[in-house]
Protein chains: 2
Amino acid sequence: MPPDPLSSTFAALADPTRRAILARLALGETSVMELAKPFDMSLPAISKHLKVLEHAGLISRGREAQWRPCRIAPASFQQVDGWLGNFRRFWDESFNRLDGLLEEMKAEEAAEAPPRTTRKVNNRKVRVTKEKQRGRTRG
Amino acid sequence: MPPDPLSSTFAALADPTRRAILARLALGETSVMELAKPFDMSLPAISKHLKVLEHAGLISRGREAQWRPCRIAPASFQQVDGWLGNFRRFWDESFNRLDGLLEEMKAEEAAEAPPRTTRKVNNRKVRVTKEKQRGRTRG
DNA sequence: GCATTACTTAGCTCATCGGTTAAATAACCT
DNA sequence: AGGTTATTTAACCGATGAGCTAAGTAATGC
């Protein structure tokens, strides 16, 4: 049974070595040798980690002579972020106070611009019209 | 060796049953029995999953008579989101427009009186004025 | 007290994971 | 061709993880 993509991605992220590799790659594309340097670990171990990251869709790999440069692949990160979005209201104050924010945005927009009803906020579409806050017994 | 919190959290999220449990809890606090219902799985299995989620800081559990109601705990979600933030520029358009944002902040500072053009959205600063897309040479 | 309900703990199995070393592949450079 | 550099594959090992059944704990209610 092939595990679903989100599970593979989270599993890949659950290892500190792999997260460190990703952090290094956030600085820019680089080779396996270069990636291996900081770790007290055999090269095959790193190679395996990279395979896991690639299979999880978190990196992609090119070919340049004898090097296989690695770089961040955005899609899986985005999926994780999307999934997390379902829970954002539990900790993100501005999400919790959506009405206030959206109301304000609406007012502003009405004052100056074409009356769109959605707008991109960190690449997530958000209704600009008022959304009622349901009474939750949390916190 | 105790695994670092972020690793435990990602590991906990790497299981579809546990993510489904969290999705259910996003609808509101509930009992173990209730949580177990949708799954074709023994109760001890669910109990273990809950233990993993609790240890990962993703849920907390109370006591009410013979029930142990579970609810979402925000902190670990927030940590994951924070970690993910280091990579947001790889897929998030408004994060990619960092220069524009920083330029604007600088201008704002120079103008000393705050005609604020940024605002916090999801706890991240985001331009509210129109966004222009610069050609970035990534992917 | 004793049965019922709600859960957890113990002990087992089997698969997967992170690491190892040794050998294989691939592309470059005389 | 033969050597060097970069990286992967193969085969193995010990630890962890997800599932099970059976038994244990805890509070409710007759």
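Below, chain A is the first sequence line, B the second, and so on; all start at residue 1.
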Exercise for the section: Could you tell me whether B/Arg63 contacts a base, only the sugar-phosphate backbone, or nothing, with contacts defined as non-hydrogen atoms closer than 4.0 Å? Expected result: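 It contacts nothing in the nucleic acid.
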
Whole angstrom value for the distance that separates [atom2] of [N] from [atom1] of [X]:
{"X": "B/Phe10", "N": "D/dG17", "atom1": "CZ", "atom2": "P", "result": "17 Å"}
{"X": "A/Leu50", "N": "C/dG18", "atom1": "CG", "atom2": "P", "result": "13 Å"}
{"X": "B/Ile46", "N": "D/dA18", "atom1": "CD1", "atom2": "P", "result": "12 Å"}
{"X": "B/His55", "N": "D/dG17", "atom1": "NE2", "atom2": "P", "result": "10 Å"}
{"X": "B/Ile21", "N": "D/dA18", "atom1": "CD1", "atom2": "C1'", "result": "12 Å"}
{"X": "B/Arg68", "N": "D/dA26", "atom1": "CZ", "atom2": "P", "result": "9 Å"}
{"X": "B/Leu53", "N": "D/dG17", "atom1": "CG", "atom2": "P", "result": "13 Å"}
{"X": "A/Leu43", "N": "D/dT9", "atom1": "CG", "atom2": "P", "result": "13 Å"}

Problem - Residue mapping more 5' on DNA chain C - nearest nucleotide basis, A/Thr17 or A/Ala65 - result: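 Nearest nucleotide further toward 5': that of A/Thr17.
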
Problem - Contact nearer the 5' end of DNA chain C, comparing A/His49 with B/Lys48 - result: B/Lys48

Practice task
Verify the contact: side-chain N or O of B/Ser42 to OP1 or OP2 of D/dC20, cut-off strictly under 4.0 Å; return yes or no.
Solution key: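 B/Ser42 to D/dC20 OP1/OP2: side-chain N or O found under 4.0 Å.
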
Practice task
State whether A/Lys51 places a side-chain N or O below 4.0 Å from either non-bridging phosphate oxygen (OP1 or OP2) of D/dT9.
Solution key: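 Answer is yes, contact under 4.0 Å.
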
Nearest to the side chain of [X], heavy atoms from C-beta on, is which of [options]?
{"X": "A/Trp67", "options": "C/dT20, C/dC7, D/dT7", "answer": "D/dT7"}
{"X": "B/Pro44", "options": "C/dA10, C/dA27, C/dT20", "answer": "C/dA10"}
{"X": "B/Met41", "options": "D/dA6, D/dG19, D/dT21", "answer": "D/dG19"}
{"X": "B/Ser47", "options": "C/dT8, D/dT21, D/dT7", "answer": "C/dT8"}
{"X": "A/Arg61", "options": "C/dC28, D/dT8, C/dT9", "answer": "D/dT8"}
{"X": "A/Gln66", "options": "C/dG18, D/dT5, D/dA18", "answer": "D/dT5"}

Handout entry: NE2 on B/His55 to NZ on B/Lys48, rounded to 0.5 Å
Key =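 B/Lys48 NZ to B/His55 NE2: 15.0 Å, rounded to 0.5 Å.
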
Practice task
First locate atom CG of A/Asp92, then atom CZ of A/Phe87, and finally report the distance between them rounded to the nearest 0.5 Å.
Solution key: 14.5 Å

Handout entry: Joint cluster assignment, B/Trp83 & B/Leu22, ILVMFWY side-chain distance < 4.5 Å
Key =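 B/Trp83 clusters together with B/Leu22.
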
Handout entry: hydrophobic_cluster_shared for A/Leu43 and A/Trp67, side chain cutoff 4.5 Å
Key =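 In one cluster: no.
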
Problem - The single option from A/Leu50, A/Leu58, A/Val52, A/Ile59 passing side chain to side chain contact (heavy atoms under 4.5 Å, CB included) against A/Ile21 - result: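 Only one option passes, and that is A/Leu50.
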
